[in-house]
There are 2 protein chains.
Amino acid sequence: MSELKGACVIGQSGGPTSVINSSVLGALEAALDNPSITRVFGMAHGIKGLLNDDLYDIDKEDRDELALLRYTPSSALGSCRYKLADPDVDDTDYKRILEIFKKYDIRYFFYNGGNDSMDTCNKVSKYMMKSGYECRVMGIPKTIDNDLFGTDHCPGFASAAKYIATSCMEIYQDARVYDTGMVCIVEIMGRHAGWLAGAAGLATAMGAGPDLVYLPETDFDMKKFLADVKRIYDEKGNCLVAVSEGIHYADGSFVSEAKTSATDGFGHAQLGGLASMLADTVKNELGCKVRGIELSLLQRCAAHCASKTDVDESYMSGKAAVENAVAGKTDYMPGFKCTRDENGYKCEIELLPLSEVANTEKKVPREWINEEGNGVTQEFVDYALPLINGENVGPKVSGLPRFANLKKIKAEA
Amino acid sequence: MSELKGACVIGQSGGPTSVINSSVLGALEAALDNPSITRVFGMAHGIKGLLNDDLYDIDKEDRDELALLRYTPSSALGSCRYKLADPDVDDTDYKRILEIFKKYDIRYFFYNGGNDSMDTCNKVSKYMMKSGYECRVMGIPKTIDNDLFGTDHCPGFASAAKYIATSCMEIYQDARVYDTGMVCIVEIMGRHAGWLAGAAGLATAMGAGPDLVYLPETDFDMKKFLADVKRIYDEKGNCLVAVSEGIHYADGSFVSEAKTSATDGFGHAQLGGLASMLADTVKNELGCKVRGIELSLLQRCAAHCASKTDVDESYMSGKAAVENAVAGKTDYMPGFKCTRDENGYKCEIELLPLSEVANTEKKVPREWINEEGNGVTQEFVDYALPLINGENVGPKVSGLPRFANLKKIKAEA
């Protein structure tokens with residue numbers, strides 16, 4: 001493979017995570033240090049920044065400040081929820097992207113996101129090939145939902161899982177402190193895949209977690225749920241429940257569906273308010289004290305509780321994207337291939353073809369959920385526990401985190 | 001003062017915190033090591049455990065396990081919300097307490113809690129004096145609300161403040177990630193005093209926090225609130241708001257209790273707390289994307305984000321209670337006297353008479369809130385910032401916290 005000299009551009013898309021900036025840092029540092037890459041650009045708010053010719057000149061950033069991205073949650077370059085049209089139907093955006101690529105001599109395109117972002121990568125790559133413009137495209141995985149196909153797990157999942165498990169352990173201590181008893185219902189993100197709700201089960205495995213965990217991989221039955229809660233409450237005087245926001249009845253309708261008709265940019269129904277709805281139902285049925293807690297945004301941005309394993313792997317995937325692209329690869333996503341055995345946990349990069357990854361959702365295997373459908377099995381715990389290991393301790397100022405403050409200087413051609 | 005030999009009993013009361021166990025640890029370790037104290041008991045669920053003769057034999061606990069209380073949130077001995085009657089009206093409980101005191105030869109009574117607990121201490125002490133039963137009584141302060149009178153601040157406040165400020169900084173990164181803009185409203189505990197909501201302003205002081213902070217010390221005006229949010233949103237494209245759960249209109253009625261006309265598709269009243277109610281109102285008024293987040297129980301139990309300063313001071317207050325009681329003091333609460341000057345922050349114990357502390361609420365001074373009533377001043381920041389310093393890093397197992405597991409062996413006389 002001949003050397004391809006040129007600029008690179010990197011963008012972040014979709015919902016942010018605690019570690020998506022670590023992936024970007026891995027890519028940026030590799031790109032800044034690589035002689036084949038002439039200039040390094042960041043997209044302001046993902047693909048939209050590219051379309052608007054709104055790029056940041058990363059070469060003008062201070063390297064020490066950039067390094068703080070390792071401890072900075074959310075997407076430092078900004079994100080968007082923009083889905084490119086099918087180029088056969090409308091190629092306006094693609095023409096524009098090609099124009100920008102030519103303007104800055106961009107030969108490397110890195111896009112950091114989930115399913116939809118891998119689809120974006122795939123479309124951009126195909127269009128450039130068709131247009132005869134040489135450009136190497138790599139997706140960099142990111143999603144707390146852990147639902148990307150082909151990879152052992154996704155950067156971002158483990159830190160969210162660590163936050164969820166830690167928080168559940170703490171709530172467990174709190175929610176049983178009185179002699180009078182309480183039911184506590186914790187609502188966890190995850191529209192279609194129950195990886196994050198399942199992570200609450202890690203707290204249970206440590207002896208201080210939810211008594212009941214409901215994932216969207218099984219159908220939810222309100223009667224059975226109420227009976228489950230009543231049984232535990234009668235037996236223990238307390239009951240801690242974790243539910244995925246995506247739990248649904250057998251007919252497919254979300255339990256929370258009546259709450260809102262709002263949708264996000266991709267047309268997904270926007271969920272929320274499930275915890276208080278279930279709390280209300282339990283209260284009416286059992287007459288006991290009930291509290292609903294929605295972990296909300298914090299599960300995806302609580303960098304203070306990030307997993308060092310996750311941060312290191314996220315960095316590794318960003319770095320691998322750049323290194324492999326420079327080495328001649330295109331149309332791949334650096335995923336993870338892992339082993340968990342008597343020698344411990346090992347994770348290495350495996351390049352996955354974008355076409356295989358895009359738009360396929362990986363769910364929690366049914367056999368990793370208990371038969372009753374109200375908890376996870378040891379297999380799930382064995383899978384997830386090694387991922388949340390280690391603390392990612394960043395610098396503090398006055399006891400509060402010191403986040404990266406990028407200059408974000410607008411790029412000129 | 002002559003030596004008083006006898007057993008001691010310690011209990012925890014009211015809402016738990018991340019560090020109330022550190023206070024108890026300070027007291028327990030001092031008591032276990034003190035030759036004047038013959039036995040050490042813990043009340044199961046506070047004063048109710050005493051009334052039910054349900055005490056734990058702390059001498060039978062493993063000292064290394066006890067030491068983990070430093071990292072364990074919530075009230076390890078259990079809590080209750082039980083208010084003793086006025087002994088002049090009904091002295092049943094007091095007679096029972098005296099009976100239990102005699103049964104175990106209890107000569108030291110330590111009670112760890114907020115306003116009501118100091119009142120309990122005061123009443124118990126007076127009754128014992130009247131009965132001619134020699135017993136030394138000390139309150140040990142605890143409340144995330146920071147509303148105890150006479151002390152610079154209260155154990156528990158700083159860790160909640162640190163969690164709130166850290167979380168607000170993280171939410172700030174997350175809630176402005178899209179190009180499309182969003183208003184985010186964070187609901188914070190504090191029914192009558194705004195110390196905790198004010199702590200969100202520490203994030204603002206660090207350059208990454210709420211644009212608007214509303215405390216219950218000023219009257220809330222919905223029209224002005226909506227105008228504030230609109231102004232910021234129009235200017236910045238985003239707006240992050242922190243509100244105390246206790247905000248109220250000029251007539252004293254809580255905003256959270258106001259009946260809204262909002263109903264879901266089936267005519268059910270909208271569920272959820274203040275944050276979602278305000279989010280709904282802003283959405284209807286401004287038509288933008290809005291998210292309500294209730295920090296809920298986590299702000300009082302997130303030990304993984306506790307302030308080391310708070311933990312150390314909490315331990316110190318528990319220890320001081322025991323040492324001063326043994327030295328002959330009774331009817332006091334070890335409060336904090338602090339200095340903040342060019343030499344930094346210093347905190348020392350000051351014994352406060354229980355009768356002065358009980359049932360008086362300390363609120364945020366009006367001059368520490370800006371004139372507009374939508375933020376805190378530098379005075380507030382200078383007061384609170386030193387309290388949240390330092391990380392309280394405890395042992396981990398598989399990346400998750402290792403909490404104390406006490407044996408809780410029932411005491412026998």
Side-chain angles (χ1 to χ4, degrees), chain A residues 16 44-45 48 72-75 78-81 162 165-167 169-171 173-175 177-180 184 202-203 206-208 258-259 261 265 272-273 276-277 280 291 293-294 296-298 300-305 307 309 385-386 388-391 393 396-401 403 405, chain B residues 16 18 44-45 48 72-75 78-81 162 165-167 169-171 173-175 177-180 184 202-203 206-208 264-266 268 271-273 276 291 293-294 296-298 300-305 307 309 385-386 388-391 393 396-401 403 405:
Chain A
H45 297 291
K48 273 189 155 180
T72 308
S74 189
S75 308
S79 187
C80 66
R81 288 195 183 275
K162 187 182 178 99
T166 301
S167 297
M169 286 184 74
E170 292 169 339
I171 291 170
Q173 301 296 327
D174 188 299
V177 75
Y178 292 114
D179 52 329
T180 42
C184 190
L202 300 180
M206 301 304 283
K259 293 305 300 162
S261 57
S276 49
M277 190 272 255
D280 233 46
R291 196 186 268 266
I293 300 179
E294 190 188 344
S296 193
L297 291 187
L298 280 161
R300 75 179 192 196
C301 70
H304 75 271
C305 192
S307 150
T309 301
L385 213 49
I388 66 168
N389 213 20
E391 316 306 307
V393 183
K396 295 275 195 306
V397 176
S398 301
L400 292 173
F403 294 145
N405 274 313
Chain B
S18 291
H45 298 291
K48 272 188 156 182
T72 308
S74 188
S75 308
S79 187
C80 67
R81 289 194 184 277
K162 187 182 178 98
T166 302
S167 295
M169 286 184 73
E170 293 170 337
I171 292 171
Q173 302 295 326
D174 187 299
V177 75
Y178 293 114
D179 52 329
T180 42
C184 190
L202 301 180
M206 302 303 284
D264 65 21
F266 298 101
H268 302 133
L271 303 171
S276 50
R291 196 187 268 266
I293 300 178
E294 190 188 343
S296 192
L297 291 187
L298 280 161
R300 75 179 191 196
C301 69
H304 74 272
C305 191
S307 150
T309 302
L385 213 48
I388 66 168
N389 214 19
E391 316 305 308
V393 183
K396 295 276 196 307
V397 176
S398 301
L400 293 173
F403 295 145
N405 273 313

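In what follows, chains carry the letters A, B, and so on, assigned in the order in which the sequence lines appear, proteins first and then strands, with residues in each chain numbered from 1.
Both the backbone and the side chain of B:Met169 come within contact range of chain A, with heavy atoms under 4.5 Å apart. With a threshold of 4.5 angstrom between heavy atoms, B:Val393 does not approach chain A through any atom at all. Proximity to chain A is limited to the side chain of B:Thr72, based on heavy atoms less than 4.5 angstrom apart. Interface residue B:Lys162: backbone and side-chain heavy atoms are both found under 4.5 Å from chain A.
With contacts defined as side-chain heavy-atom distances shorter than 4.5 Å, the pair B:Lys396/A:Glu391 qualifies.
Chosen from B:Thr166, B:Ile388, B:Leu297, B:Thr180, the residue pairing most often with chain A at heavy-atom distances under 4.5 Å is B:Leu297. Ranking A:Ala165, A:Ala302, A:Cys184, A:Gly78 against chain B, the residue ahead of the rest is A:Ala302, based on heavy-atom pairs under 4.5 Å.
A donor-acceptor distance shorter than 3.5 angstrom exists from the side chain of A:Asn389 to the backbone of B:Gly399, with no hydrogens or angles considered. When atom types are taken as modelled, the side chain of B:Glu170 and the backbone of A:His304 share a donor-acceptor pair closer than 3.5 angstrom.
Atom CG in A:Asp174 sits 8.5 Å away from atom CG in B:Leu298 (nearest 0.5 Å). For the atom pair B:Ser18 OG and A:Gln173 CD, the distance stands at 11.0 Å (nearest 0.5 Å). From A:Asp179, atom CG reaches atom SG of B:Cys80 across 6.0 Å, with rounding to the nearest 0.5 Å. One finds the CZ atom of A:Arg291 at 4.5 Å from the OG atom of B:Ser296 (value rounded to the nearest 0.5 Å).
The heavy-atom pair separating B:Val397 from A:Met206 by the smallest distance is O-CE, 3.3 Å.
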